[in-house]
*Asks:* 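Before we start, here is the structure in question, set down as structure tokens.
We name chains A, B, ... by the order of the sequence lines, and we start the count at 1 in each one.
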Amino acid sequence: MSRLVLIDGSSYLFRAFHALPPLTNAAGEPTGALFGVVNMLRSTLKDKPDYVAFVLDASGPTFRDAMYPQYKANRPPMPEELRAQVQPMRQIVEALGFPLLCVEGVEADDVIGTLAVQAAQQGMDVTISTGDKDFAQLVRPGIALINTMSGSRMDSVETVMEKFGVRPDQIVDFLALMGDTVDNVPGVEKCGPKTAAKWLGEYGTLDAIMAGADGIKGKIGENLRAALPRLPLNRDLVTIKTDVALEGGPDTLAMRERHVEQLRELYARYGFHQALKELDGGAAPAGVAETEPGRARGTGRVSAPSSRATEAVDPALSAPGEYETILEPAQLLAWIARLQAADEFAFDSETNSLDPMQADLVGLSFSVEPGKAAYLPLAHDYPGAPAQLDRRLTLQQLAPLFADAGKKKLGQHGKYDLHVLRRHGVDVHGYRDDTMLESFVLNSGSGRHDMDSLAKRCLGYETIKYEQVAGKGAKQIPFSQVALDDATRYAAEDADITLRLHRVQAPRLAAEAGLEQVYRDIEMPLVPVLASIEANGVSVDVDELRRQSADLSKRMLAAQQQATELAGRSFNLDSPKQLQALLFDELKLPVLVKTPTGQPSTNEEALEAIADQHELPRVILEYRGLAKLRSTYTDKLPDMVNAQTGRVHTSYHQAGAATGRLSSTDPNLQNIPIRTDDGRRIRRAFIAPPGRKLVACDYSQIELRIMAHLSEDPGLVRAFESGADVHKATAAEVFGRKLEDVTGNERRAAKAINFGLMYGMSAFGLARQLGIARGEAQDYIALYFSRYPGVRDFMERTRQQARERGYVETVFGRRLYLEYINQGTQAQRAGAERAAINAPMQGTAADIIKRAMISVDAWLADHRERALMILQVHDELVFEVDADFVPTLLDQATGLMSAAAQLSVPLVVDSGVGQNWDEAH
DNA sequence: AAGTCGACGTAC
DNA sequence: GACGTACGTCGACTTC
């Protein structure tokens with residue numbers, strides 16, 4: 001059988017250029033790529049093929065350019081050092097006797113594809129020599145692929161599968177999904193070989209993937225759906241043609257005569273000593289560097305990919321704005337006049353940090369009319385930056401405007417800006433509207449509430465992303481170094497879009513009186529309260545935390561040594577994956593719990609379940625507990641202490657939880673341990689400074705009380721009115737005991753039922769929680785509902801309302817829309833029902849404590865020197881108080897908290913006082 | 001190097 | 001499939 005070798009010359013040239021060090025010959029001419037190609041050609045010759053072709057791209061456009069004008073548009077021009085090697089390469093190729101093909105209007109890939117298929121049909125044995133993975137689509141009986149640079153060979157379905165995880169006939173789909181940056185063919189964002197192969201494994205073909213795109217979850221699913229329209233084109237672009245018209249067939253490609261003298265000359269000129277020696281009859285090992293190292297070559301610049309246009313919902317609101325940069329005093333005065341005259345103005349600040357307690361103010365932007373905005377740069381500092389208005393003086397000029405409560409201001413997540421301005425000497429009053437909170441109150445559950453998302457969702461407007469002006473990752477520059485025109489486009493847009501969003505959302509709120517009230521009476525007044533809590537911060541005993549870290553480390557090490565001994569080898573205790581292999585594969589312990597993805601779980605429940613069969617699980621549990629405390633708390637909290645204030649300042653996210661709860665980050669101070677002794681010790685590090693005390697006030701059983709109120713169940717209401725321990729009272733009711741006869745176990749069961757019900761728990765869940773049979777759990781629940789029929793009715797009512805209206809609401813009218821209550825899978829609907837039951841209770845509790853915070857803060861306004869509100873933990877407020885002021889604060893705080901809502905049961909507030917947070921409980 | 005996901009565990 | 005709402009850390013994996 002005759003053999004044909006088709007060499008992808010362009011691919012080798014590029015790859016050799018980039019893979020090999022920048023070599024030069026004695027005359028300084030670049031030779032690196034040439035050297036690589038020559039080595040490849042010589043190794044091809046050793047196989048003595050009957051037919052061979054060295055194929056190069058021609059210069060002109062091809063059918064792919066017609067199909068997709070941006071094809072290869074990103075490609076930088078060929079570097080000069082490489083261009084210089086093309087002509088010598090052609091000379092060497094021809095001197096060696098290789099037929100050289102370069103067909104105008106057809107890419108080398110398609111020439112190779114066509115010849116390969118023709119030859120295979122004629123019964124030839126074809127080898128394509130290339131560094132380009134795209135050719136894997138041509139592998140079939142009679143056509144193999146080799147890459148002489150990596151030495152790999154693909155000649156069967158199996159070898160392609162091994163390399164890419166897909167069959168040769170799937171390669172085109174595979175490439176279409178991934179796209180090709182070099183050729184400027186965008187695929188699915190974040191979809192690389194692994195993801196593409198995974199999908200093709202599941203769905204088989206690109207068409208099937210596209211049809212099933214809605215079923216793919218997560219970020220990557222979104223990316224896939226966004227890329228859908230262009231995938232068929234991608235497929236066409238990456239498909240190698242096998243039917244182009246060529247002048248000669250494979251049988252015209254016999255090796256030509258070799259021109260030894262020309263070769264000798266060329267090898268000598270470029271310093272290929274080994275090749276030269278070989279030419280004269282000596283055997284030469286390949287792959288040894290034959291030229292002297294030369295100077296480094298320059299790198300080509302890659303231009304940025306073009307941004308994609310998005311369609312507008314409303315042309316007026318999604319049109320680009322006209323923005324101005326304020327650099328002159330006269331401009332500033334004109335804008336101040338405009339702001340003064342406006343009914344309400346939007347503003348935004350630009351800074352050097354995401355941390356509002358550290359951020360340095362770089363500029364401010366303003367807008368009073370949609371589409372018109374100005375950026376006032378105050379601290380841009382880069383070579384060639386224009387002179388800017390003096391920051392201190394300018395802020396002084398603006399301060400009266402910000403301080404005037406009568407001048408209404410609007411922002412997006414303005415709490416951040418309030419912090420920054422306050423830290424630069426500007427107090428803001430009259431912060432009247434916030435587009436993030438408008439969106440949150442209008443529909444807390446649907447999507448994010450950041451400005452980029454809102455602009456897109458509400459206005460169909462695609463904002464300039466921070467990364468576009470400041471870069472990201474290692475290349476990110478501080479905003480102060482962003483060029484003024486970029487900064488203006490970005491910053492002024494923020495103010496402009498904020499105003500536009502308000503124009504859209506305010507009428508929507510006004511149309512719903514209940515929501516308007518939640519927004520106006522709860523969320524907006526809370527903004528400055530949260531800002532003040534965050535600014536206050538909490539004092540942390542760093543030395544205490546360090547001591548605890550050291551102690552935990554010691555005990556972790558002991559547990560680790562013990563674990564290594566028990567396992568008989570060392571392993572990473574922090575890795576669930578390694579743990580799983582050890583426990584269930586090596587030690588053959590039974591798998592009793594699985595993770596949601598079906599893997600054997602190593603969580604606490606799973607380890608407890610096998611703790612009686614081996615000593616190791618117990619030791620792992622010990623280690624886990626210690627590691628959690630150290631890594632999350634005792635090691636990290638000291639790093640969070642603010643250098644200027646010496647305190648820890650959390651951030652509360654007001655639009656964080658769909659139910660209306662706050663959440664806390666950087667650090668999260670709402671999940672400091674309390675249940676175990678080791679964990680609780682961490683609370684001792686949250687301290688009051690000398691002369692002060694920490695006071696903690698928490699609502700007693702607030703969610704259960706709300707359940708009593710909402711259900712109006714006489715039994716439950718009575719239990720709370722009597723002031724009894726509600727879990728004990730429940731146990732007495734459910735188990736038919738006198739209050740004093742209730743056992744500890746019965747109380748525990750009753751407590752589990754009480755909590756479980758609020759979360760929509762089933763008999764299955766309760767059984768698991770209590771470690772009892774499912775039937776028994778069902779009996780408990782039935783008994784519970786017979787004693788508290790109002791609760792059962794309330795829950796059914798709530799489900800019903802959710803299904804009919806699509807949302808549930810709190811006592812104060814806050815809504816939670818439930819997308820899946822009437823659609824989706826059974827599991828999704830069941831989940832939505834549980835959320836529907838829980839949200840009115842959790843949400844009402846959130847409303848109540850927010851109202852309390854507002855009224856307590858109002859009272860505290862006159863006592864700022866004596867007491868500070870410093871933490872909120874869902875049902876608890878923590879204060880730092882002068883020791884002699886404690887009684888006054890206790891009286892006021894508990895009183896105002898109790899009075900924050902009038903329910904049909906009393907709102908009881910417990911409190912404690914201590915030198916640290918642990919003592920205050 | 002950076003982003004994402006899953007597993008795990010802390011709080012209420 | 002089975003208990004609601006959050007956030008942080010870690011390892012593993014993937015992309016760039």
*Asks:* Whole-Å distance between C:dT14 P and A:Phe164 CZ?
*Replies:*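 Between P of C:dT14 and CZ of A:Phe164: 16 Å.
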*Asks:* In terms of side-chain geometry, is the basic nitrogen of A:Arg618 or A:Glu608 positioned less than 4.0 Å from the acidic oxygen of its partner?
*Replies:*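 Salt bridge: yes.
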*Asks:* Taking A:Glu604 first and then A:Lys628, would you say they form a salt bridge - that is, a charged N and a carboxylate O separated by under 4.0 Å?
*Replies:*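 A:Lys628 and A:Glu604: not salt-bridged.
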*Asks:* What nucleic acid atoms does A:Arg675 come within less than 4.0 Å of, heavy atoms only: base, sugar-phosphate, or nothing?
*Replies:*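 Base: the residue A:Arg675, judged by heavy atoms under 4.0 Å, touches a nucleobase.
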*Asks:* Identify all stems in which DNA chain C takes part, counting only runs of at least 3 consecutive pairs (Watson-Crick or G-U wobble, each distance under 3.5 Å), and give each as one range with another, ordered by first number.
*Replies:*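 Detected stem regions: B:1-12 with C:4-15.
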*Asks:* Looking for any heavy atom pair under 4.0 Å, which part of the strands does A:Leu757 touch: base, sugar-phosphate only, or nothing?
*Replies:*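 The answer is nothing, as A:Leu757 stays clear of every strand by at least 4.0 Å.
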*Asks:* State, without any angle test, whether A:Thr844 and A:Asp847 hold a side-chain donor-acceptor pair at a distance under 3.5 Å.
*Replies:*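 The criterion, which ignores hydrogens and geometry beyond distance, is not satisfied for A:Asp847 and A:Thr844.
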*Asks:* Please identify the 5'-most and 3'-most nucleotides of DNA chain B with any atom under 4.0 angstrom from a heavy atom of chain A.
*Replies:*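 Both ends considered, the range comes out as B:dA2 to B:dC12.
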*Asks:* What is the distance, rounded to the nearest whole Å, between atom CZ of A:Arg834 and atom C1' of C:dA2?
*Replies:*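 Roughly 7 Å, once rounded to whole Å.
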*Asks:* Using only heavy-atom distances, determine whether the side chains of A:Ser664 and A:His653 contain a donor-acceptor pair under 3.5 Å.
*Replies:*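 No, no side-chain donor-acceptor pair sits under 3.5 Å.
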*Asks:* So what does A:Arg630 touch, heavy atoms closer than 4.0 Å: a base, only the sugar-phosphate, or nothing?
*Replies:*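 Here A:Arg630 touches no strand at all.
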*Asks:* Any ion pair linking A:Arg684 and A:Glu919 (charged N to carboxylate O, less than 4.0 Å)?
*Replies:*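 No salt bridge links A:Glu919 with A:Arg684.
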*Asks:* Please classify the nucleic acid contact of A:Tyr633 as base, sugar-phosphate, or nothing, using heavy-atom distances under 4.0 Å.
*Replies:*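 It contacts sugar-phosphate atoms only.
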*Asks:* Indicate the ring-plane relationship of A:His727 and A:Phe755, choosing parallel, tilted or perpendicular according to the 30° and 60° boundaries.
*Replies:*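 Ring orientation, 0 to 90° scale: tilted.
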*Asks:* Any salt bridge between A:Arg624 and A:Asp574, counting N to O under 4.0 Å?
*Replies:*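 Judged by the 4.0 Å cut-off on N to carboxylate O distance, A:Arg624 and A:Asp574 do not form a salt bridge.
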*Asks:* What contact category does A:Leu662 fall into here, base, sugar-phosphate, or nothing, at under 4.0 angstrom with non-hydrogen atoms?
*Replies:*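 No contact.
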*Asks:* For A:Ala658, answer base if it contacts any base atom (sugar-phosphate contacts may also be present), sugar-phosphate if it contacts only those atoms, and nothing otherwise; contact means non-hydrogen atoms under 4.0 Å.
*Replies:*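 Answer is sugar-phosphate: A:Ala658 comes under 4.0 Å of backbone atoms only.
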*Asks:* So what does A:Glu604 hit on the nucleic acid, given a heavy-atom distance under 4.0 Å: a base, only sugar-phosphate, or nothing?
*Replies:*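 It contacts sugar-phosphate atoms only.
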*Asks:* Looking only at side chains, do A:Thr564 and A:Arg569 share a donor and an acceptor under 3.5 Å apart?
*Replies:*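 Side-chain D/A pair, A:Thr564 to A:Arg569: absent.
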*Asks:* Taking atom types as modelled, is there a side-chain donor on A:Glu523 or A:Gln654 under 3.5 Å from an acceptor on the other?
*Replies:*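 Short answer, yes.
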*Asks:* Nucleotide by nucleotide, 5' to 3', does protein get under 4.0 Å of the base (B), only the sugar-phosphate (S), or neither (-) in nucleotides 8-13 of chain C, counting heavy atoms?
*Replies:* BSSSSS
*Asks:* Counting the atoms with a prime plus P, OP1 and OP2 as sugar-phosphate, which does A:Gly192 contact under 4.0 Å by heavy atoms, base, sugar-phosphate, or nothing?
*Replies:*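 Sugar-phosphate, backbone atoms only, no base.
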*Asks:* Hey, is A:Asp779 close enough to A:Arg774 for a salt bridge, meaning N to O under 4.0 Å?
*Replies:*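 Salt bridge between A:Asp779 and A:Arg774, a charged N being under 4.0 Å from a carboxylate O: no.
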*Asks:* Please determine whether a side-chain nitrogen of the Lys or Arg among A:Arg681 and A:Glu544 lies less than 4.0 Å from a carboxylate oxygen of the Asp or Glu.
*Replies:*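 Result for this pair is no, no salt bridge flagged.
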*Asks:* If I take atom CD1 in residue A:Ile837 and atom C1' in nucleotide C:dT5, what distance separates them, rounded to the nearest angstrom?
*Replies:*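 Rounding to the nearest Å, CD1 of A:Ile837 and C1' of C:dT5 are 15 Å apart.
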*Asks:* Go through A:His921 and A:Glu876 one step at a time and tell me if the side chain to side chain donor-acceptor pair (under 3.5 Å) criterion holds.
*Replies:* CA-CA 10 Å; A:His921 261 277; A:Glu876 170 184 8; 2.9 Å; yes
*Asks:* Rounded to whole angstroms, how far apart are CG on A:Asp180 and P on C:dC16?
*Replies:*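 Taking atom P of C:dC16 as the reference, CG of A:Asp180 is at 12 Å.
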*Asks:* Under 4.0 Å, heavy atoms only, any strand: does A:Arg661 hit a base, just the sugar-phosphate, or nothing?
*Replies:*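 Base contact.
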*Asks:* Starting at atom CZ of A:Arg829, determine the distance to atom C1' of C:dG1, rounded to an integer number of angstrom.
*Replies:*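 It works out to 13 Å between those atoms.
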*Asks:* Tell me the interatomic distance from A:Leu770, atom CG, to C:dA2, atom C1', rounded to whole angstroms.
*Replies:*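 Atom-to-atom, A:Leu770 to C:dA2, this comes out as 15 Å.
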*Asks:* Which value, in whole Å, describes the distance between the P atoms of nucleotides C:dA2 and B:dC8?
*Replies:*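 The answer is 15 Å between these two P atoms.
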